[in-house]
Asker: 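Shown below is the structure under consideration.
Just so we're on the same page: letters track the sequence lines, and every chain starts at 1.
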Number of protein chains: 2
Amino acid sequence: MKKGEETKQNILEHGLRLFSSKGYEETSLKDIATKVNIKTPSIYAYFSSKDELFEKIVEFVIDDYVKFIDDQASTIGPLSTKDQLYKLLGELNEYYYMNDRGVFLKRYGVFPPERFKELITQKNSMVENEIRKLLYRILDVESDDHQFIDKENIATAFICLLDGMLFYLMNYSFEEYERRLTSTWKVFWKGILK
Amino acid sequence: MKKGEETKQNILEHGLRLFSSKGYEETSLKDIATKVNIKTPSIYAYFSSKDELFEKIVEFVIDDYVKFIDDQASTIGPLSTKDQLYKLLGELNEYYYMNDRGVFLKRYGVFPPERFKELITQKNSMVENEIRKLLYRILDVESDDHQFIDKENIATAFICLLDGMLFYLMNYSFEEYERRLTSTWKVFWKGILK
DNA sequence: GTCTATACCGAGATAGAC
DNA sequence: GTCTATCTCGGTATAGAC
């Protein structure tokens with residue numbers, strides 16, 4: 001990779017990390033520059049403004065998440081319906097926990113800075129759709145022992161569960177999160193059986 | 001009410017509203033002063049800094065919510081267990097939807113500015129405890145036809161559901177939220193029965 | 001491509017008149 | 001109790017040398 005290209009990547013990565021943990025306004029270009037080991041004005045060689053940098057990160061993050069969701073489709077294929085659902089829940093949760101992209105997604109998905117509201121809500125509905133599509137695919141397979149309630153219903157409850165678990169992930173230790181995941185999953189699974 | 005006292009209340013109220021909708025950093029003291037129809041420096045007659053103003057609002061909001069939860073205890077008394085749970089879920093959700101205090105609570109509960117992190121997480125665990133206590137009280141009554149799974153389990157799932165629904169409340173119309181509440185509730189209720 | 005120097009602005013905050 | 005005037009600081013952004 002060329003030196004310039006490398007710097008650009010570094011700016012994007014550290015920007016992502018800082019925006020995730022501290023928020024848009026609380027992160028200065030100087031903070032980012034320091035992490036990348038350059039001076040603030042050098043950032044302008046790659047991005048025309050702080051806003052533009054942020055938007056580029058938004059786009060990268062959402063596209064990456066959509067890709068991640070699609071990847072799950074192929075990974076969970078051979079499992080039983082129950083295991084597929086549980087695995088999907090765990091994987092999507094851990095995507096949030098394990099990297100800054102997830103935190104970024106949630107932080108700005110729920111509370112976007114005024115200027116980026118439109119861009120973000122638009123992109124966000126893509127994500128929910130992707131998850132719903134995957135859930136329908138899982139539930140459509142009839143080769144299983146179980147009977148389920150209405151699919152749409154399940155998807156809505158599943159997504160709610162996903163969002164709710166996020167709070168646990170963010171506010172508690174990983175162990176506590178796992179305990180709570182088990183509890184919640186039990187209720188969900190019993191709840192969607194006919 | 002004395003004039004000074006009134007101004008102070010106005011600052012608190014408009015501060016709350018602006019912090020909820022725009023966030024801490026994006027809200028300037030000038031924004032608040034404008035809404036109150038005073039000039040920025042007048043705020044310092046009541047609060048020694050922006051930080052102090054914010055902290056006062058945090059404390060007010062959390063205390064008010066805890067009070068609200070306690071109020072629910074007396075309101076839902078005569079209903080069946082099922083109706084009590086459903087009503088509680090609806091009431092707690094709508095507290096969020098209907099006033100800025102709820103949005104404030106969530107916004108800073110999940111993503112507090114660095115400086116206030118400690119204050120807020122500490123206060124926040126009080127809230128979860130209050131909800132758990134109330135749930136245990138509801139579930140302890142045995143005069144009902146239903147058998148339930150483990151109480152702790154139910155409480156965890158309930159709180160997860162509460163947090164998840166928040167995303168629906170914030171990102172969709174009230175009608176869509178209600179549709180989704182129905183779906184999610186169905187799954188939850190089936191899930192907690194023995 | 002990265003730097004130093006600097007312009008510019010808006011924020012939080014203080015002093016002191018009325 | 002509220003104002004005008006003003007200070008200070010840190011942020012984004014630009015100019016121009018190397």
Asker: Just compare D/dT14, D/dG1, C/dA13 and give me whichever is closest to any side-chain atom of B/Tyr46.
Answerer: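 Closest nucleotide to the B/Tyr46 side chain: D/dG1.
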
Asker: Quick check: are there more than 12 heavy atoms from other residues, nucleotides or ligands sitting under 6.0 Å from CZ of A/Arg137?
Answerer: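 Counting other residues, nucleotides and ligands, CZ of A/Arg137 stays at 12 neighbours or fewer.
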
Asker: Nearest to the side chain of A/Ala45 - C/dT2, D/dT2, C/dG12?
Answerer: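 Of all the options, the side chain of A/Ala45 is nearest to C/dT2.
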
Asker: On the nucleotide D/dC3, are OP1 or OP2 found under 4.0 Å from the side-chain N or O atoms that B/Ser42 carries?
Answerer: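 The answer is yes; a side-chain N or O of B/Ser42 sits under 4.0 Å from OP1 or OP2.
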
Asker: Taking CD1 from A/Ile11 and P from D/dT12, how many angstroms apart are they, rounded to a whole number?
Answerer: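 Computing the A/Ile11:CD1 to D/dT12:P distance gives 13 Å.
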
Asker: Which of these nucleotides, C/dA13, D/dC3, D/dG11, is closest to any side-chain atom of A/Ser28?
Answerer: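 Shortest atom-to-atom distance from the side chain points to D/dG11.
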
Asker: Could you tell me the separation between the CD atom of B/Glu26 and the P atom of D/dG11, rounded to a whole number of Å?
Answerer: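 Going from CD in B/Glu26 over to P in D/dG11 covers 16 Å.
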
Asker: Without decimals, in angstroms, what is the distance between A/Gln9 CD and C/dG1 C1'?
Answerer: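 Between C1' of C/dG1 and CD of A/Gln9: 16 Å.
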
Asker: Among the candidates D/dT2, D/dA13, C/dT2, find the nucleotide nearest to the side-chain atoms of A/Lys50.
Answerer: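 My answer, after comparing the listed nucleotides, is D/dA13.
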
Asker: Would you confirm whether B/Arg107, through its side chain, and B/Ser20, through its main-chain N or O, come within 3.5 Å as a donor-acceptor pair?
Answerer: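 Confirmed, B/Arg107 side chain pairs with B/Ser20 backbone.
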
Asker: For B/Asp31 and C/dG10, what is the distance between atoms CG and P respectively, to the nearest whole Å?
Answerer: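 Interatomic distance, CG of B/Asp31 to P of C/dG10: 12 Å.
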
Asker: What nucleotide, of C/dT14, D/dT2, C/dA5, holds the atom closest to the side chain of A/Pro41?
Answerer: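 Minimum distance to the A/Pro41 side chain belongs to C/dA5.
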
Asker: Compute both the distance and the angle, then confirm whether A/Lys123 meets the cation-pi test with A/Tyr65: under 6.0 Å from the six-membered ring centre, within 45 degrees of the axis.
Answerer: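 Not flagged: A/Lys123 not positioned over aromatic ring of A/Tyr65.
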
Asker: For a quick check of understanding: with a heavy-atom distance under 4.0 Å over all strands, which category does A/Thr40 fall into, base, sugar-phosphate or nothing?
Answerer: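 Result for A/Thr40 = nothing.
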
Asker: Please confirm whether B/Arg180 makes a cation-pi placement over B/Tyr172, using NZ or CZ under 6.0 Å from the six-membered ring centre and within 45° of the ring normal.
Answerer: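 Here B/Arg180 passes the 6.0 Å and 45° test against B/Tyr172.
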
Asker: Over how many whole Å does the gap from A/Leu53 atom CG to D/dT12 atom P extend?
Answerer: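 Atom CG in A/Leu53 sits about 10 Å away from atom P in D/dT12.
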
Asker: Between C/dT4, C/dG12, D/dT14, spot the one nearest the side chain of A/Lys39, thanks.
Answerer: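 Nearest to the side-chain atoms of A/Lys39, counting from C-beta on, is C/dT4.
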
Asker: Just how far, in rounded Å, is P of D/dG11 from CG of A/Leu18?
Answerer: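 Interatomic distance, CG of A/Leu18 to P of D/dG11: 13 Å.
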
Asker: Can you tell me how far the CG atom of A/Leu88 sits from the OG1 atom of A/Thr75, to the nearest 0.5 Å?
Answerer: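 Separation between the atoms: 10.0 Å.
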
Asker: Whole Å only: how far is the CD1 atom of B/Ile43 from the C1' atom of D/dC3?
Answerer: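 Result: 13 Å.
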
Asker: Nearest whole Å is fine: how far is C/dA11 P from B/Glu25 CD?
Answerer: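 Atom-to-atom, B/Glu25 to C/dA11, this comes out as 12 Å.
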
Asker: Of the listed nucleotides (D/dC3, D/dT12, D/dT14), which one gets closest to any side-chain atom of A/Leu29?
Answerer: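 Output: D/dT12.
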
Asker: Choosing from C/dG12, D/dA5, D/dT2, which nucleotide comes nearest the side chain of B/Tyr44?
Answerer: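 The listed nucleotide nearest to B/Tyr44's side chain is C/dG12.
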
Asker: What nucleotide among D/dT12, D/dC3, D/dT2 has an atom nearest to a side-chain atom of B/Lys3?
Answerer: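 The answer is D/dT2.
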
